[in-house]
Amino acid sequence: MPTERAAYDPHAVQDRWLPVWDRLDLYRAGRREGAPKKYVLDMFPYPSGDLHMGHAEAYGLCDVLARYWMRRGFDVLHPIGWDSFGLPAENAAIKRDEHPATYTYANVETQAESFRRYAISFDWTRRLHTSDPDYYRWTQWLFLRFRERGLAYRKSSAVNWCPNDQTVLANEQVVQGACERCGAQVTKRELTQWFFKVTDYADRLLDDMESLRDTWPQRVLTMQRNWIGRSQGAHVGFRVRLGGAGREDDSRDITVFTTRPDTLYGATFFVVAADAPLALELCAPDRREALEAYRDEVSTLSDIDRQSTDRPKTGVDLGVTALNPVTGEQIPVYAADYVLADYGTGAIMAVPAHDQRDLDFARAFGLPVRVVVDTGQPDPADTGIATAGDGVLVNSGPYDGLRKDEAIERIVADLEARGGGRGAINYRLRDWLLSRQRFWGTPIPIVHCPACGEVAVPDDQLPVRLPDLRGAALKPAGTSPLGAAEDWVATTCPSCGGPATRDTDTMDTFVDSSWYYLRYCSPDYEDGPFDPAAVREWMPVAQYVGGVEHAILHLLYSRFFMKVLHDMGMVDPVEPFAALMNQGQVINQGKSMSKSLGNGVDLGAELSAYGVDAVRLTVVFAGPPEDDIDWADVSPAGSVKYLARVARLAEDVAALPGSSRDLAVDRAVARAVDEVTRATEAQRLNVAVARLMELTNALRRGVDAGAPAAASLRDGAEALAVMLGCWAPYTAEEAWSRLGHDVDAGDSVHDTTWPTADPALLVQESVTCVVQVQGKVRERLEVAPDIGEDDLRARALASEGVVKALAGREVRTVVVRAPKLVNVVPV
RNA sequence: GCCCCCGUAGCCCAACCGGCAGCAGGCACGGGCCUCAAAAUCCCGACAGUGUGGGUUCGAAUCCCACCGGGGGCACCA
């Protein structure tokens, strides 16, 4: 509450400077001819309602970095746009009986205005929306290029289906068997779907992470590594003798993937995925009925049940046998649901002694357990605990006595020589299912022709625009809403000119966001998705900022896109984001904010109570950027007080008469500049704020001391205003103005250069040297910073405190770390 | 179950390559100045020995080992 005294009113300050900044156009990238360049990017927002506390933190942090690099003389690209396709807008449109664009663009405008008031240093001229035809035209264009390279294809497969949203989901959108979005239990459906062949890039996605080792958060790299899940092993061929009526002499060669070829002698049975077609093909006629029943049972299981590891093992004996290629034994073949149809070959050799899952199955079905690697641990057949560790081979014919690693090498080599198998690598990563049976997304630019089949829409006919559907027409009905727009669906084949139909699926919104950072480089470019010259200038993104919730999806897909574009010769770098920062969450009272808990903190309310700068300062000062902020632990009121102190200080400094200097003040300012700079460079933004506060306190003391130091204090206050401008842009501008700068005439604190510290002022004239005796402080000496070791040792030994502490004892060692420390160790 | 990260005052957090734990900073708290009184401002102040137990070292918040507590990731991927 402002009082009648000249209190600091953050709202008045905001209202005063915001229009001036708009006029000065301070943040347009490319303003400074010949300046070095830096691309600073926040993950773009989805337009749902207004901005919230999470945005305040993420964009606040990123803005500090962007402004810092501007002050350091870089030409900074700091753009903004919206990830404006997606399900929520479609659901809102159904509810309100309107077009999704209405809801979407209204929210975009709300957020844009909030960003402007929040004083983020965006270059607004590069604004984009992924739902604009000008944008999705190029999403479609890229899709077609991917398809030409065999990286976008259609196949029929069992896909994740959300019965609530009536759409398929990517594996990444299924969390614990439930729809990531609505929480409904996901089921399986057999559908023909579009995929990106991200698996072709698995190795590079993995290996190129090496270059990100020091600039991306460790845990993000780990999550990606786990997600890709490369495992080294071997493919081994097993001959399955089909047997049964009419197929006595039939056999089929089935390949399995194993990471433990050394345990081949311990393979006592064979399992195929129950839901794979292979199970039906191998099944003996008299077991057919049992298998069908089992398959029905499995298909009704939810993914949650199916994935729980403590579930008892189930399966069906298929009534056929497989030949173990090294032992010559005929081993029984089962179908079971613990083997996955879409990993490896969908079939395994089961080694119960050395694999827990196989052991559980063997015990349930009374199958033999044969130890072939002696690990020194008790027999799994007795304990029920498989031994997966290192050991020496036994019961393995010519390989007995070899260590595990040697055995793997030898057995694989022998299999290769005999044609029975070969070394192989498998990935957990699956191809990216990109088609969605929803309306508000990028239409897939494909035409289906009865004569020509699948035909690409020619580039010059892009974009394939969405038809004008709204309200109830968008209701999920198990098929794409686009199919209801009959006029739109009916088209002519670009190839033969005959009647044909459009593909009625739209793309996953992750496709849109996989290349938006490139579009920012040249948002109006019309001859391609981006201008290669502009991309050369700005890419890669020097600093990307966003939540860890995108650790896998968005970041992996973007990395994939970048590599494909590199292979197409369109971009030079292979990684889009040179550095990544994961900001923490804003929580409240130890819990994440939610409506049901009633502990939400409303950004708008905080801004009206404390002002923009106080909220910005609070989120950055609360702790390290990657830590969560508990709003109950922080104090925007404290930030207001600090900012008011800065504004008052500027006024008081401006009123000081004379132009005298004071070395102590100059040193304090130099030290503060040096420390703020180092902390900001290291992205320890909370520490940098503490140093700014320290400087503020020092300047306050200087003013109150009444010493003749006007020029020094003035320089210090200016440095403070410039630096603080990155954290609290309004207050810094106010202080700058109070210091006598004519902001309206263009002399803005946001168009200045970061202060530098004179190295001569950083050298201290004397240092306090701590003298310890046996690690305990016994004396302090004021010494020159460049004092020699011998000199210091002599002074320390002669000092009163040391002589007293030694009490006549012999000195054994003296550790000297000039000029700061001496440790005397007596006998 | 496996892997990773983190434990410093009442609270949020500092402490460079191992070298005085806080004149890093803030919140909250107590006191003072000012005031008829209060608010605001300004000034001053107390509070921890670094989760626990070992080890390395002249010296450990920092390095190593074990345990405890918290957070996160993966979890039938052969």
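Lettering follows sequence order; numbering is per chain, from 1. Just the heavy atoms: all of them, side chains too, but no hydrogens, waters or symmetry mates, feed the values below.
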**Request:** In whole angstrom, give me the gap between the C1' atoms of B/U52 and B/G32.
**Result:** 42 Å
**Asked** So which of A/Val13, A/Thr731, A/Val646 actually passes side-chain contact (heavy atoms from CB on, under 4.5 Å) with A/Asp613?
**Response** A/Thr731
**Message:** Which nucleotide, if any, forms a Watson-Crick or G-U wobble pair with B/C2, using both distances under 3.5 Å?
**Reply:** B/G73
**Contact check, side chains of A/Phe621 and A/Trp727, non-hydrogen atoms, under 4.5 Å** = no
**Message:** Just confirming the chi classification of B/G31, syn or anti, using 90° around 0 as the syn window.
**Reply:** anti
**Request:** Could you tell me whether A/Glu651 and A/Arg648 have a side-chain N and a carboxylate O separated by less than 4.0 Å?
**Result:** no
**Prompt:** With no hydrogens and no angle check, do the side chains of A/Thr618 and A/Ser639 hold a donor and an acceptor under 3.5 Å apart?
**Reply:** yes
**Message:** Under 4.0 Å, heavy atoms only, any strand: does A/Gly638 hit a base, just the sugar-phosphate, or nothing?
**Reply:** sugar-phosphate
**Message:** Students often get this wrong, so: under 4.0 angstrom with heavy atoms, is A/Ser231 touching a base, only sugar-phosphate, or nothing?
**Reply:** sugar-phosphate
**Prompt:** Can you name the residues that form a side-chain contact (heavy atoms from CB on, under 4.5 Å) with A/Ile425, not counting sequence neighbours?
**Reply:** A/Arg230, A/Gln232, A/Tyr427
**Prompt:** With a 6.0 Å cut-off on ring centres, are A/Phe365 and A/Phe269 close enough?
**Reply:** no
**Asked** With both distances under 3.5 Å as the test, what is the Watson-Crick or G-U wobble partner of B/G59?
**Response** none
**Prompt:** Say you pick atom C1' in B/G49 and the same atom in B/C3; how far apart are they, in whole Å?
**Reply:** 33 Å
**Message:** When you compare the side chains of A/Thr199 and A/Asp431, does any donor N or O come within less than 3.5 Å of an acceptor on the partner?
**Reply:** yes
**Request:** Establish, with yes or no, whether the OP1 or OP2 oxygen of B/C42 is under 4.0 angstrom from a side-chain nitrogen or oxygen of A/Arg648.
**Result:** yes
**Prompt:** How is A/Arg645 classified with respect to the nucleic acid when contacts are heavy atoms under 4.0 Å: base, sugar-phosphate, or nothing?
**Reply:** sugar-phosphate
**Listed partners of A/Asp790 passing salt bridge (Lys or Arg N to Asp or Glu O under 4.0 Å), at least two apart** = A/Arg793
**Message:** On the nucleotide B/A78, are OP1 or OP2 found under 4.0 Å from the side-chain N or O atoms that A/Tyr343 carries?
**Reply:** yes
**Request:** Take atom C1' in B/C34 and the same atom in B/U41, then report the distance between them in whole Å.
**Result:** 9 Å
**Item:** Per-nucleotide protein contact string for nucleotides 2-9 of chain B, where B marks a base within reach and S marks sugar-phosphate only (heavy atoms under 4.0 Å, - for neither)
**Value:** --------
**Asked** How would you label the contact of A/Asp627 with the nucleic acid (heavy atoms, under 4.0 Å): base, sugar-phosphate, or nothing?
**Response** sugar-phosphate
**Asked** How far, in whole Å, is B/C23 from B/G45 if one measures between their C1' atoms?
**Response** 14 Å
**Message:** Side-chain N or O of A/Arg684 versus OP1/OP2 of B/C16: is the shortest distance under 4.0 Å?
**Reply:** no
**Message:** When the C1' atoms of B/C58 and B/G18 are compared, how many Å lie between them, rounded to an integer?
**Reply:** 12 Å
**Message:** Considering only residues two or more places apart or on different chains, which pairs with a residue in residues 812-827 of chain A satisfy side-chain hydrogen bond (donor to acceptor under 3.5 Å, both in side chains)?
**Reply:** none
**Prompt:** Within the structure shown, what part of the strands sits under 4.0 Å from A/Asp630 by heavy-atom distance: base, sugar-phosphate, or nothing?
**Reply:** nothing
**Request:** Give, ordered by number, those residues of residues 613-625 of chain A having at least one heavy-atom distance below 4.0 Å to an atom of RNA chain B; if nothing qualifies, reply none.
**Result:** A/Phe621, A/Ala622, A/Pro624
Atom pairs, N/O to N/O, protein against nucleotides 17-20 of chain B, distance under 3.5 Å?
| unit_1 | atom_1 | unit_2 | atom_2 | d |
| --- | --- | --- | --- | --- |
| B/G19 | O6 | A/Arg817 | NE | 3.4 |
| B/G19 | O6 | A/Arg817 | NH2 | 3.4 |
| B/G19 | N2 | A/Gln772 | OE1 | 3.3 |
| B/G19 | N2 | A/Asn823 | ND2 | 3.2 |
| B/C20 | O2 | A/Arg780 | NH1 | 2.1 |
| B/C20 | O2 | A/Arg780 | NH2 | 3.0 |
| B/C20 | N3 | A/Arg780 | NH1 | 3.0 |

**Message:** Counting the atoms with a prime plus P, OP1 and OP2 as sugar-phosphate, which does A/Thr258 contact under 4.0 Å by heavy atoms, base, sugar-phosphate, or nothing?
**Reply:** sugar-phosphate
**Message:** Assess, by modelled atom type and distance only, whether the side chains of A/His354 and A/Thr263 contain a donor and an acceptor separated by less than 3.5 Å.
**Reply:** no
**Request:** Check whether the side chains of A/Asp358 and A/Tyr338 place a donor and an acceptor atom closer than 3.5 Å, and report yes or no.
**Result:** yes
**Item:** Ionic contact status for A/Asp342 with A/Arg430, cut-off 4.0 Å
**Value:** yes
**Message:** Between C1' on B/C44 and CG on A/Asp704, what's the gap in Å once rounded to a whole number?
**Reply:** 14 Å
